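One structure is given below, encoded as structure tokens.
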Amino acid sequence: MASAFAATFRREVRWLRASPWDLGLVTLGPLLTLVVLGWMFVASVALQLPVAYVDQDHSGLSRQLARNLDASPRVQVTAQPADLEAAWPLIRSGKAWAIIYMPAHSEREILAGRRADIIVYENAAFYSLGTLASMGASEAISGLTAEILPVLARTRNIPLARLSTPHIQSTILFNPQLSYEWFLEALLQPGVLHLMMSCVVVMAVGREFRDGTLDEWLADRPVVPVLAGKLAPYVLIFTGWNLLGVGWMCGVRGWGVHGDMGMLIAGQILLYASYAALAALIAALVKNISTALSAVAVYGGPAITFSNATLPTIDAPLFTQFWSRALPFTHYIELQMQQMFMGSPAADSLTPLLSLSAFTLVPFALAAFLLARARTAPAPIAEAA
């Protein structure tokens with residue numbers, strides 16, 4: 001079995017060397033992906049997001065809030081419309097990502113010991129930008145209590161206890177800089193590379209059907225090591241590219257791996273092995289490269305969306321939750337978040353690692369079964385007359 005694996009491995013490497021197109025797909029393609037993503041997200045922290053401030057109180061409190069907003073690194077007051085009606089066009093046109101509204105008589109209500117609400121309207125159609133703008137506004141509002149209320153209490157001769165308001169402190173874990181580089185680049189690297197590798201594997205397996213070389217490839221050897229030998233170069237190549245991307249972010253850019261590096265590497269190997277096995281299964285099932293490429297694009301393309309990393313699938317429709325768990329990428333991202341970002345113990349990542357193992361072994365076994373059935377049966381030996 002080892003010789004069958006080695007022979008097929010060498011055969012696939014020879015093909016890559018002889019085919020500039022295929023070689024480019026596993027070298028230049030991933031390299032350009034990493035370069036573009038690295039260039040796109042260098043120093044990409046969202047700062048000075050434009051917001052609109054509607055001040056209808058015109059008090060010391062509202063003027064202090066304006067100063068707090070101006071001092072915030074996250075937001076920048078680019079407009080101060082007279083009322084909310086004048087503010088809505090700004091947020092609809094994308095000129096402001098949030099509206100901060102200070103109602104009339106807010107300071108008076110606070111001085112009287114009554115509740116006064118300062119309202120933040122965020123643009124949730126652009127979820128990330130709206131949330132970041134709202135966060136910056138909320139930080140500015142939170143600072144208001146400590147800065148202005150003691151002054152108001154002293155100048156108005158009102159006990160400070162009477163003016164006390166609930167104080168909410170929010171602490172951001174694992175990405176306090178809210179860096180797009182640390183979050184999005186780490187998400188997009190495996191998201192793009194696994195889809196690219198799936199397409200390459202479809203072409204590698206599909207060409208055996210297209211060119212009529214299936215019997216030459218399989219010969220009379222066991223299918224399992226032969227299939228493993230064909231897939232192994234691509235799994236190793238794309239895992240290597242992903243590790244290079246991790247080296248750029250966590251080493252050169254200095255973000256660091258906060259958990260177990262060995263567990264992270266194991267997860268990456270199984271991520272690419274699982275998608276290689278799934279691509280081989282689809283290619284063996286449909287026996288047509290174009291159709292198989294469409295199928296892997298439909299299956300692997302939405303992986304980032306359904307991975308729980310950008311939009312949560314908790315309490316989503318049952319099908320959405322099922323589809324999320326049916327993608328190997330979801331389980332890998334869980335492992336990556338734990339080991340790269342959160343510094344979780346290695347044992348906490350055993351469940352996603354086992355899930356990735358199942359996503360590798362089951363499709364691989366089915367693909368091997370289909371290939372064994374597709375192999376031409378040997379001609380019967382003629383009996384002597």
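Small disclaimer: the values here were computed from a predicted structure and weren't measured.
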Using the ring-ring contact (aromatic ring centres under 6.0 Å, His included) criterion, which residues pair with [X]? Sequence neighbours excluded.
X      : answer
Tyr299 : Trp323
Tyr53  : none
His194 : Tyr275, Phe329

Kindly give the heavy-atom pair with the smallest separation between Pro363 and Leu281, and that separation in Å.
O-CB, 3.9 Å
With a 3.5 Å distance limit and no angle check, can you tell me whether Thr213 reaches the backbone of Glu216 through a side-chain donor-acceptor pair?
no
Trp241 side-chain N/O to Val26 backbone N/O, donor-acceptor pair under 3.5 Å
yes
Contacts of Gln56 meeting side chain to side chain donor-acceptor pair (under 3.5 Å) (sequence neighbours excluded), chain-then-number -> Tyr101
Can you tell me which residue pairs pass the side-chain hydrogen bond (donor to acceptor under 3.5 Å, both in side chains) test with a partner in residues 19-34, sequence neighbours excluded?
Trp15-Asp22, Ser19-Asp22
Could you list all the salt bridge (charged side-chain N to carboxylate O under 4.0 Å, His left out) pairs where at least one residue sits in [range], not counting sequence neighbours?
range            : result
residues 234-246 : none
residues 349-358 : none
residues 322-339 : Arg325-Glu334
residues 225-234 : Glu12-Lys230, Glu208-Lys230

Under the 4.5 Å side-chain heavy-atom rule for ILVMFWY, direct or indirect, which residues accompany Leu236?
Phe5, Phe9, Val13
Would you mind listing the cluster partners of Leu318? Hydrophobic ones only (ILVMFWY), side-chain contacts under 4.5 Å, chaining allowed.
none
Compute whether any side-chain donor of one residue and acceptor of the other, for Tyr332 and Gln336, lie under 3.5 angstrom apart.
yes
Asp57 side chain to Ser106 side chain, donor-acceptor N/O pair below 3.5 angstrom:
no
What residues, two or more places apart in sequence or in another chain, satisfy side chain to side chain contact (heavy atoms under 4.5 Å, CB included) together with Asp70?
Val77
